[in-house]
Amino acid sequence: MADFRKAKLLYVFNVFFDVNKSGTIEKKDFELAIENICRTRGWADTDPKSTQTKDVLLRVWEGLRAKADTDKDQQVSQDEWIRMWDDFKKNPESVLEWQNLYKDFIFDHVDSSGDGTIDLEEFTTVFTGYGLSAEECGQAYDKFTSNKTVEVDRPVFAKLWQEFFTSEDPNAPGNFIFGKTTFQ
């Protein structure tokens with residue numbers, strides 16, 4: 001695996017999955033992510049969107065654990081994460097249920113207006129919440145939308161998603177869907 005691809009996969013591992021910064025992904029990370037997302041959106045525990053977020057992300061955890069936790073310790077290490085995505089690249093058409101759930105969850109999370117497309121304001125609002133600058137988010141958005149000439153609907157996002165997890169090309173548009181413009 002190219003160093004570039006490994007770096008971007010570890011970026012997603014560290015920023016979006018290892019929420020408690022323990023060095024592994026475990027159920028607690030998903031519980032913290034659910035709490036953070038619901039709080040940020042202003043959803044009470046009884047809100048249907050809160051319930052849906054919890055259901056989806058816990059299903060993502062169970063699917064991820066079942067696929068990647070090869071030593072069965074209830075945690076996914078960085079090595080297990082990298083191996084899982086390396087296997088995915090060999091057959092990207094064999095997307096697992098949890099991967100589709102997470103892809104759709106991220107799309108819906110970013111498309112906060114619910115209009116079926118991701119615009120710059122929505123994209124920047126979400127990814128600045130993960131510590132990126134608005135400037136970097138804007139640059140990333142320009143890169144995967146070809147300077148805003150591509151409308152990012154669900155099918156376009158799905159293509160960009162697959163490209164993020166499989167491409168070794170540092171200039172592939174899909175590399176920028178998580179708001180980051182460089183990986184080291």
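Fair warning: this is a prediction, and the values are worked out from it, not measured in the lab.
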Using the rule given for side-chain contact (heavy atoms from CB on, under 4.5 Å), can you reason through Val15 versus Lys180, listing the C-alpha separation, both sets of side-chain angles and the distance that settles it, and then say yes or no? CA-CA 11 Å; Val15 174; Lys180 188 93 172 128; over 6 Å; no

Under 3.5 Å, side chain of [X] to main-chain N/O of [Y], donor-acceptor pair present?
X	Y	result
Asn175	Asp169	yes
Thr124	Glu121	no
Ser50	Thr46	no
Asp153	Gly116	no
Ser146	Thr149	no
Glu136	Thr181	yes
Glu168	Ala2	yes
Asp47	Thr51	no
Asp18	Ser22	yes
Glu80	Ser77	yes

Pairwise side-chain contact, [X] with [Y], heavy-atom cut-off 4.5 Å (strictly under):
X	Y	answer
Val76	Thr24	no
Arg59	Glu97	yes
Gln52	Asp55	no
Leu160	Pro173	yes

Applying ring pair (Phe, Tyr, Trp, His ring centres under 6.0 Å) as the test, list every pair that has at least one member in residues 55-83; sequence neighbours left out. Phe13-Trp81, Phe17-Trp81, Phe30-Trp61, Trp81-Trp85

Here's one to test your reading of the geometry: is the NZ or CZ of Lys8 within 45 degrees of the ring axis of Phe164 and under 6.0 Å from its centre?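 The answer is yes, since Lys8 meets both limits relative to Phe164.
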
Is Lys143 positioned over the aromatic face of Phe176, cation under 6.0 angstrom from the ring centre and no more than 45 degrees off axis? yes

Side-chain heavy atoms under 4.5 angstrom apart, residues restricted to Ile, Leu, Val, Met, Phe, Trp, Tyr: same cluster for [X] and [Y]?
X	Y	result
Leu58	Trp98	yes
Val150	Phe157	yes
Val12	Tyr130	yes
Val126	Val56	yes
Phe183	Ile82	yes

Roughly how far, to the nearest 0.5 Å, is [atom2] of [Y] from [atom1] of [X]?
X	Y	atom1	atom2	answer
Gln78	Asn14	CD	CG	5.0 Å
Thr53	Trp43	OG1	CH2	4.0 Å
Glu31	Glu26	CD	CD	9.5 Å
Met1	Asp86	CE	CG	4.0 Å
His109	Ile118	NE2	CD1	10.5 Å
Leu9	Met84	CG	CE	8.5 Å

Salt bridge between Arg65 and Glu62, side-chain N to carboxylate O under 4.0 Å? yes

Nearest heavy-atom neighbours spanning [X] and [Y]:
X	Y	value
Ser112	Glu122	N-OE2, 3.3 Å
Cys137	Leu132	SG-CB, 3.9 Å
Ile25	Asp29	CA-OD2, 3.3 Å
Asn20	Lys28	ND2-CG, 4.2 Å
Gln99	Trp161	O-CZ2, 4.2 Å
Ser133	Thr128	C-CG2, 3.9 Å

If the plane angle is over 60° it's perpendicular, under 30° parallel, otherwise tilted; pick one for Phe16 and Phe178.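 Because their plane-to-plane angle lies in the 30° to 60° range, the rings of Phe16 and Phe178 count as tilted.
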
For the residue pair Tyr141 and Phe144, does the interplanar ring angle fall in the parallel (under 30°), tilted (30 to 60°) or perpendicular (over 60°) class? perpendicular

Verify the neighbour count for atom [atom1] of [X]: are there more than 12 heavy atoms of other residues, nucleotides or ligands below 6.0 Å?
X	atom1	answer
Asn91	CG	yes
Asp71	CG	yes
Lys148	NZ	yes
Lys27	NZ	no

Please determine which of Asp108, Asp111, Asp115 meets the salt bridge (charged side-chain N to carboxylate O under 4.0 Å, His left out) test together with Arg154. Asp108

Criterion side-chain contact (heavy atoms from CB on, under 4.5 Å) against Tyr102, the qualifying member of Ile106, Asn100, Asp104: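 Of the listed options, the one satisfying the test is Ile106.
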
